[in-house]
Amino acid sequence: MGFSDKIAIVTGGSRGIGRAITLSLAKEGATVVLSYKSNIQAAEETVNLSKEFSGRVLAKQWDIGRFQETQDVIADVEKELGKVDILINNAGITSDNLFMRMKEEEWDKVIETNLKGAFNCCRAVIRGMVKRRFGRIINISSIVAESGNPGQANYCASKAGVIGLTRSLALELASRQITVNAVTPGFVATDMTDALTEEQKKLLISKIPMGRVADPNEIASLVTYLASEGASYISGQTIGVNGALFT
Ligand code: NAP
């Protein structure tokens, strides 16, 4: 897909969906900087897994929820690698609780990582993309941004915010040939969903028309396409990958 001259940042690229995206872009020849927050082992494992591919993967530890830290790290990446062509805002967390019991910290930390983290990373890469008249930004939202989910008011609000951010940025950046899209996965087999009980998983799967959860690669393949030159006229879209669960 012509990624050999492309530099990508994948936040939360060390595990789960982010790892699948990182490896898919590396397979296509991109240089990928994956970010992680604390699990260095997972990050190193992803770097090792990428070694069989033509692209190069570097791991950087930082907290995307912190504005200045994010500006500084991404400025260093631009200095080191020359530019950033592709930003995948993938890192995300949950901190579930029924709304009546939701603590201020539970609200704040989810919004800070999932929504402000995307803002922080976009702010850091956009100036360079505008200058070069090229950019691909893909924000990983969630099916629950549109459906809502009991016990996840903070998470759903953050993911709905990401869709609003996507649409506004797409409009602001369209004249510079920068595309901005959101992907809304359904239920994907990762550490995030592994935290659910077997009973909760069974119930969720029973509602999915395809009768199974997604493999992270099934999200990565769409993200890789949206990041490619071929997707140059797709912008401002929110695209579901959900086994026909919510269409
Ligand atoms: P995951 O397996 O839990 O991995 C999360 C990744 O994000 C890890 O690399 C983690 O780093 C990183 N991260 C978390 N907080 C961070 C921070 N403050 N700064 C930098 N990195 C941070 O997650 P996943 O299931 O692959 O989900 C990926 C994205 O898809 C998330 O945005 C999630 O909301 C969304 N999504 C997931 C599903 C699903 O069913 N799994 C469905 C819809 C949407 P460490 O390892 O260092 O903590």
Side-chain angles (χ1 to χ4, degrees), residues 9-24 32-47 49 57 59-70 72-74 77 87-96 108-121 124 138-149 152 154-163 165-166 182-196 200-201 204-205 207-208 212-220 222-223 238-243 245-246:
I9 293 180
V10 181
T11 68
S14 57
R15 293 192 279 127
I17 296 169
R19 171 182 282 179
I21 296 169
T22 297
L23 295 178
S24 171
V32 186
V33 176
L34 70 79
S35 91
Y36 66 100
K37 187 176 178 192
S38 51
N39 187 341
I40 188 167
Q41 251 172 313
E44 283 174 353
E45 211 176 291
T46 307
V47 172
L49 286 169
V57 175
K60 296 238 181 253
Q61 185 279 325
W62 90 90
D63 182 348
I64 59 156
R66 299 209 175 130
F67 182 79
Q68 200 50 53
E69 192 179 346
T70 303
D72 294 346
V73 173
I74 294 183
V77 169
L87 168 66
I88 317 292
N89 282 312
N90 162 81
I93 57 165
T94 53
S95 186
D96 298 352
D108 285 347
K109 72 178 176 192
V110 170
I111 300 291
E112 186 177 281
T113 302
N114 299 4
L115 181 55
K116 192 175 175 216
F119 162 77
N120 291 342
C121 294
I138 296 141
N139 298 320
I140 308 300
S141 175
S142 168
I143 190 169
V144 298
E146 294 166 308
S147 65
N149 203 24
Q152 290 199 309
N154 50 359
Y155 182 76
C156 297
S158 72
K159 294 297 184 182
V162 161
I163 293 175
L165 171 70
T166 301
V183 171
T184 52
F187 186 31
V188 190
T190 68
D191 295 340
M192 186 178 271
T193 45
D194 214 33
L196 298 173
Q200 286 171 317
K201 282 187 206 166
L204 270 164
I205 290 169
K207 291 181 184 159
I208 303 170
R212 63 177 180 85
V213 302
D215 180 274
N217 291 315
E218 293 178 304
I219 315 302
L222 171 64
V223 173
T238 298
I239 305 173
V241 186
N242 53 39
L245 178 59
F246 185 81

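Residues: numbered from 1 along the sequence shown. Order of appearance sets the numbers: ligands from 1, and atoms from 1 within every ligand.
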Pairs under 3.5 Å, N/O atoms on ligand 1 and on the protein: can you put them in a table with the distances?
{"from": "ligand 1", "atom 1": "9 (O)", "to": "G12", "atom 2": "O", "distance (Å)": "3.4"}
{"from": "ligand 1", "atom 1": "9 (O)", "to": "S14", "atom 2": "OG", "distance (Å)": "2.8"}
{"from": "ligand 1", "atom 1": "11 (O)", "to": "K37", "atom 2": "N", "distance (Å)": "3.3"}
{"from": "ligand 1", "atom 1": "18 (N)", "to": "D63", "atom 2": "OD1", "distance (Å)": "2.8"}
{"from": "ligand 1", "atom 1": "19 (N)", "to": "W62", "atom 2": "O", "distance (Å)": "3.4"}
{"from": "ligand 1", "atom 1": "19 (N)", "to": "I64", "atom 2": "N", "distance (Å)": "3.1"}
{"from": "ligand 1", "atom 1": "25 (O)", "to": "T190", "atom 2": "OG1", "distance (Å)": "2.5"}
{"from": "ligand 1", "atom 1": "26 (O)", "to": "I17", "atom 2": "N", "distance (Å)": "2.8"}
{"from": "ligand 1", "atom 1": "32 (O)", "to": "N90", "atom 2": "O", "distance (Å)": "2.7"}
{"from": "ligand 1", "atom 1": "32 (O)", "to": "K159", "atom 2": "NZ", "distance (Å)": "2.8"}
{"from": "ligand 1", "atom 1": "34 (O)", "to": "Y155", "atom 2": "OH", "distance (Å)": "2.5"}
{"from": "ligand 1", "atom 1": "34 (O)", "to": "K159", "atom 2": "NZ", "distance (Å)": "3.1"}
{"from": "ligand 1", "atom 1": "40 (O)", "to": "V188", "atom 2": "N", "distance (Å)": "2.7"}
{"from": "ligand 1", "atom 1": "40 (O)", "to": "V188", "atom 2": "O", "distance (Å)": "3.3"}
{"from": "ligand 1", "atom 1": "41 (N)", "to": "V188", "atom 2": "O", "distance (Å)": "3.4"}
{"from": "ligand 1", "atom 1": "41 (N)", "to": "T190", "atom 2": "OG1", "distance (Å)": "3.1"}
{"from": "ligand 1", "atom 1": "46 (O)", "to": "R15", "atom 2": "NE", "distance (Å)": "2.7"}
{"from": "ligand 1", "atom 1": "46 (O)", "to": "R15", "atom 2": "NH2", "distance (Å)": "3.1"}
{"from": "ligand 1", "atom 1": "47 (O)", "to": "K37", "atom 2": "N", "distance (Å)": "2.8"}
{"from": "ligand 1", "atom 1": "47 (O)", "to": "S38", "atom 2": "N", "distance (Å)": "2.6"}
{"from": "ligand 1", "atom 1": "47 (O)", "to": "N39", "atom 2": "N", "distance (Å)": "2.8"}
{"from": "ligand 1", "atom 1": "48 (O)", "to": "R15", "atom 2": "NH2", "distance (Å)": "3.3"}

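Of the inter-residue distances, the one linking L222 atom CG with I21 atom CD1 reads 9.0 Å to the nearest 0.5 angstrom. Taking CD1 from I219 and CD1 from I17, the interatomic distance works out to 5.5 Å, rounded to the nearest 0.5 Å.
For W62 and T70, the side-chain atoms include at least one donor-acceptor pair closer than 3.5 Å.
For CD of Q61, the number of neighbouring non-hydrogen atoms (other residues, nucleotides, ligands) closer than 6.0 Å is greater than 12.
Between the T94 side chain and the D96 main chain, no donor and acceptor come within less than 3.5 Å of each other.
Residues meeting the salt bridge (Lys or Arg N to Asp or Glu O under 4.0 Å) test with K60, sequence neighbours left out: E80.
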